[in-house]
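Take a look at the structure set out below.
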Amino acid sequence: MTNLLDLQLNELEELIVSLNEPKFRAKQVYDWLYKGKDIDEMKNIPSGLKEKLKEVSYVSLPEIERVQVSSLDGTRKYLYSYGDIAIESVFMKYKFGNSICVSTQAGCRMGCRFCASTINGLDRNLSPGEIMGEILQAMNDTGERISHIVLMGTGEPFDNYENVSKFLRLVNSKEGLNIGWRNITVSTCGLVPYIDRFGDDFREVNLAISLHEPNDEKRNALMPVNRSYSLSELIPACRRYTEKTGRRITFEYTLVKAVNDRDCDAQELASLLKGMLCHVNLIPLNAVKETGFSTVEKARALEFQKMLEKKGIPTTIRREMGDDIDAACGQLRLEKNH
Ligand code: SAH
């Protein structure tokens, strides 16, 4: 069975022609798909074609198992199901438009110590169409357009590179969601070979790197991926990326109390990033009870920011969205799987 959301328009044309139907039907079907509709809901499509399509294909729209809605800012946190797996997405309203944070894998095998998504390991990769389904279902549910996408939900995008690449092309395509490259951000924990590849393949998409520690000894302890790709490989790869693309890298730095929030951590971080076209986004930890780590006070985050800025590193503190529904990323899914 083909997932219609996995297809570019030309691939859908091939499918429709192979069913002995006129090629122009493909564009009509495609329009319905990107309005978030399932095959049965496609109004101007002859029922004969719909029946043929249903024999060979389907549309991966996830079931909404739960939605948590913030009464403060309208943030909506979805727990979706694809039958065998549960995943999460978060819809956020900003002044510049609506943004969605999508998952790229069900679970994760990267093992970052503070993260809820990796606690039970990886269930499986999501297909391009399944990642797309997260967005279309949020559009169906809110009735709103989405203009920005961040790949910062559950999963490591570069551990599912082929599917994520295809998803990015679908999201950007004129006949699909038509979302501009610069409105998309991909976040990685630092799979170095893919940083180079991504710089070649997607020059205009924003890249964020989850750094979280300023030296190898500490990063090895918090993020096992560092034992495969140490900072001595990661940082040069980031410099190569900025030189190649001319684009600023965002370094995410989750502040964990008494782990990476000391003055000397800020100093070491500033020296590590010195001279790079980058900025640091400080994320006060969202405490996950299974991991035992604590978050920092707001005042400490501000001090940390000041220390970095004094050393010339542009630094922001991530705005808390949906503070009243602040279950950390991956926690709804974790609860469900228990
Ligand atoms: N695997 C990718 C993308 C998903 S995680 C990556 O590592 O970048 C998105 C961001 O949220 C990462 O920076 C991750 O380290 C961070 N994160 C994970 N759990 C968190 C938590 N409990 N509190 C704050 N940030 C967290």
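The shown structure was predicted, so the numbers you read here are calculated from the model rather than taken from an experiment. Every number for a ligand or one of its atoms is a count from 1 in the order of the listing. Note: hydrogens, waters and symmetry copies are ignored here, and every other heavy atom, side chains too, is used.
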Task: For Glu252, atoms of ligand 1 separated by under 4.0 Å from a heavy atom - done: 10 (C), 12 (C), 13 (O)

TODO: Any atoms of ligand 1 less than 4.0 Å from a non-hydrogen atom of Cys115? List them with their elements.
DONE: 18 (C), 19 (N)

Open item on the list: Can you tell me how the ring of Phe96 sits relative to the ring of His148, calling it parallel under 30°, perpendicular over 60° and tilted otherwise?
Closed with: tilted

Open item on the list: I'd like the name of whichever of Ser103, Gly155, Ala116, Cys108 reaches closest to atom 1 (N) of ligand 1 through any heavy atom.
Closed with: Gly155

Task: Region of Glu156 engaging ligand 1 - heavy atom pairs below 4.0 Å - done: both

Task: Residue of the set Ile184, Asn160, Ile135 for which side-chain contact (heavy atoms from CB on, under 4.5 Å) holds with Phe167 - done: Ile135

Open item on the list: Assess, by modelled atom type and distance only, whether the side chains of Tyr78 and Asp141 contain a donor and an acceptor separated by less than 3.5 Å.
Closed with: yes

Open item on the list: Can you see whether Glu156 engages Thr188 through a side-chain donor-acceptor pair at a distance of less than 3.5 angstrom?
Closed with: yes

Task: Option whose closest heavy atom lies nearest to atom 3 (C) of ligand 1, chosen from Ala208, Ser210, Ser187 - done: Ser187

Open item on the list: Check this for me, if you would: do Asp38 and Lys50 make a salt bridge, where the nitrogen-to-carboxylate-oxygen distance has to be below 4.0 angstrom?
Closed with: no

Open item on the list: So for ligand 1, is Arg318 a polar contact partner (N or O within less than 3.5 Å, distance only)?
Closed with: no

Task: Shortest heavy-atom approach to atom 5 (S) of ligand 1 - which of Met223, His212, Met152, Met110 - done: Met152

Open item on the list: Please classify the Val288 to ligand 1 contact at 4.0 Å (heavy-atom distances, strictly less than): side chain, backbone, both or neither.
Closed with: side chain

Open item on the list: Considering Asp159, Thr295, Thr188, Asn286 one by one, which has a heavy atom nearer to atom 23 (N) of ligand 1 than any of the others?
Closed with: Asn286

- [ ] Within a distance under 4.0 Å of any heavy atom of Cys189, pick out the atoms of ligand 1 and give their elements.
- [x] 6 (C), 7 (O), 8 (O)

Task: Any donor-acceptor N or O pair under 3.5 Å, side chains Tyr253, Asp265 - done: no

- [ ] Identify whether the distance between the nearest side-chain nitrogen and carboxylate oxygen of Lys52 and Glu21 falls below 4.0 Å.
- [x] yes

Open item on the list: Less than 4.0 Å is my threshold; does some heavy atom of Gly153 fall inside it relative to ligand 1?
Closed with: yes

TODO: For the pair Glu268 and Lys311, find out whether any cationic side-chain nitrogen is under 4.0 Å from an anionic carboxylate oxygen.
DONE: no

